[in-house]
There are 2 protein chains.
Amino acid sequence: MKQEIFKNMLREKGLKVTNQRMLVLELMAERPGQHLTAEEIYDLARQTYPEIGLATIYRTVQVLVDLSVIDKVSFDDGFARYELGGVDRESRHHHHHAICNRCGNVFSFQGDLLDTLEQALLDRSGFLVTDHEVKLHGYCRECREAMEEEQDGKS
Amino acid sequence: MKQEIFKNMLREKGLKVTNQRMLVLELMAERPGQHLTAEEIYDLARQTYPEIGLATIYRTVQVLVDLSVIDKVSFDDGFARYELGGVDRESRHHHHHAICNRCGNVFSFQGDLLDTLEQALLDRSGFLVTDHEVKLHGYCRECREAMEEEQDGKS
DNA sequence: TTCGATGCAAAATGTTTGCAGCGAT
DNA sequence: ATCGCTGCAAACATTTTGCATCGAA
């Protein structure tokens with residue numbers, strides 16, 4: 001069970017296993033691929049634990065980030081967001097986001113094309129890359145089709 | 001003169017040419033490659049124009065971003081930052097950042113290796129990329145050398 | 001029993017906005 | 001003379017922190 005692994009991770013760090021921490025883990029684990037804000041996690045958590053505080057959510061996601069259970073991401077909309085981390089280091093390293101300018105949906109995809117770029121950077125300037133973030137902005141298929149239709153209607 | 005081009009850009013948009021706007025442009029133009037926060041721009045601006053307000057800085061950088069004179073970037077340290085934009089669309093598209101985890105310095109570099117990835121994404125899922133952000137995290141040469149020395153000292 | 005974790009409220013932080021007066025056109 | 005721009009202060013929104021209490025170990 002995943003929860004047992006998490007409990008051991010907490011114990012190894014000398015942290016306590018609390019209902020709040022287990023609940024937030026569960027909420028995140030149930031929603032792989034989603035990018036939740038603290039407020040969204042708070043709202044979800046209150047459905048089963050109404051007395052939980054927003055500050056606890058912030059403190060708990062920090063713990064989960066420190067344990068590499070979730071990752072903090074930002075789409076520059078003023079909110080920090082959290083998503084379930086990949087299983088291993090490699091899959092996380094190759095996890096990227098494509099954000100649609102029109103509908104705002106975020107599409108995740110995998111790609112290892114940066115490896116070449118990172119090697120070149122190391123050779124050229126001595127910078128050793130340990131992590132990276134790639135955000136692509138553009139238009140998803142649905143929005144592109146919708147925009148073409150709008151265009152057709154006009155002409 | 002670059003300033004005249006900027007004045008015309010403002011006029012074309014029906015915006016007024018003010019001392020504050022010219023000053024902020026000048027400050028940014030003098031510092032290519034730097035990533036300044038609003039507060040930093042504010043401090044620089046007050047050196048020659050002490051009565052300027054921080055709100056004006058925020059409003060002015062927004063104007064400059066809209067005119068594509070500068071770009072807004074974020075290194076997730078809680079500050080929005082602004083840097084002089086590349087001359088053309090292509091050079092901006094291939095402008096990336098490598099951020100050192102130890103000294104916090106930001107190194108800019110050019111690279112077009114994402115073009116392949118973006119074409120693959122379009123083919124596979126219909127997502128058309130119009131812009132992208134790449135942030136690499138790691139250790140710069142100086143910090144790597146410093147860290148090796150620290151390590152040597154210990155053993 | 002101990003000391004970390006929680007909930008609440010207050011504080012902090014970066015950014016935005018309302019408004020009266022100023023200044024470019 | 002107009003109407004957009006500015007400076008100031010207040011408002012905002014997200015996140016952090018202080019503190020008394022709670023609860024896991």
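Just so we're on the same page: letters track the sequence lines, and every chain starts at 1. Both backbone and side-chain heavy atoms feed into the values below; hydrogens, waters and symmetry mates do not.
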Sugar-phosphate, base or nothing in reach of A:Tyr49, heavy atoms under 4.0 Å: sugar-phosphate
Nearest-Å distance for atom pair CZ/C1', residues B:Arg11 and C:dT25: 10 Å
Contact under 4.0 Å: B:Gln20 side-chain N or O vs C:dG23 OP1/OP2: no
A:Arg46 to A:Tyr42 six-membered ring, cation-pi geometry met (6.0 Å, 45°): yes
Short side-chain N/O contact to C:dG4 OP1/OP2 from A:Thr18, under 4.0 Å: no
Phosphate contact (D:dT15 OP1 or OP2) by A:Tyr58 side-chain N/O below 4.0 Å: yes
Touch class at under 4.0 angstrom, heavy-atom based, for B:Arg59 against every strand present: base
Transitive ILVMFWY side-chain link A:Leu44 to A:Phe79, under 4.5 Å: no
Residue A:Phe79, side-chain atoms from C-beta onward, closest of D:dT14, C:dT25, D:dT6: D:dT14
Position toward the 5' end of DNA chain C (nearest nucleotide), B:Ala80 or A:Ile52: A:Ile52
Sugar-phosphate only, base, or nothing, as touched by B:Glu39 at under 4.0 Å among non-hydrogen atoms: nothing
Along DNA chain D (nearest heavy atom to each residue), the more 5'-positioned of B:Leu15 and B:Ala55: B:Leu15
Nucleotide C:dG23, atom P - distance to CE of B:Met22 in whole Å: 18 Å
Residues B:Lys72, A:Asp76: salt bridge by 4.0 Å N-O rule: no
Separation of atom CZ in B:Arg81 from atom C1' in C:dT15, rounded to whole Å: 15 Å
B:Leu23 CG - C:dG23 P separation (whole Å): 16 Å
5'-most by nearest nucleotide on DNA chain C - A:Arg21 or B:Lys72: A:Arg21
Electrostatic pair B:Arg102:B:Glu150 at N-O distance under 4.0 angstrom: yes
Single-linkage hydrophobic cluster, 4.5 Å side-chain cutoff, B:Phe107 and B:Tyr139 together: no
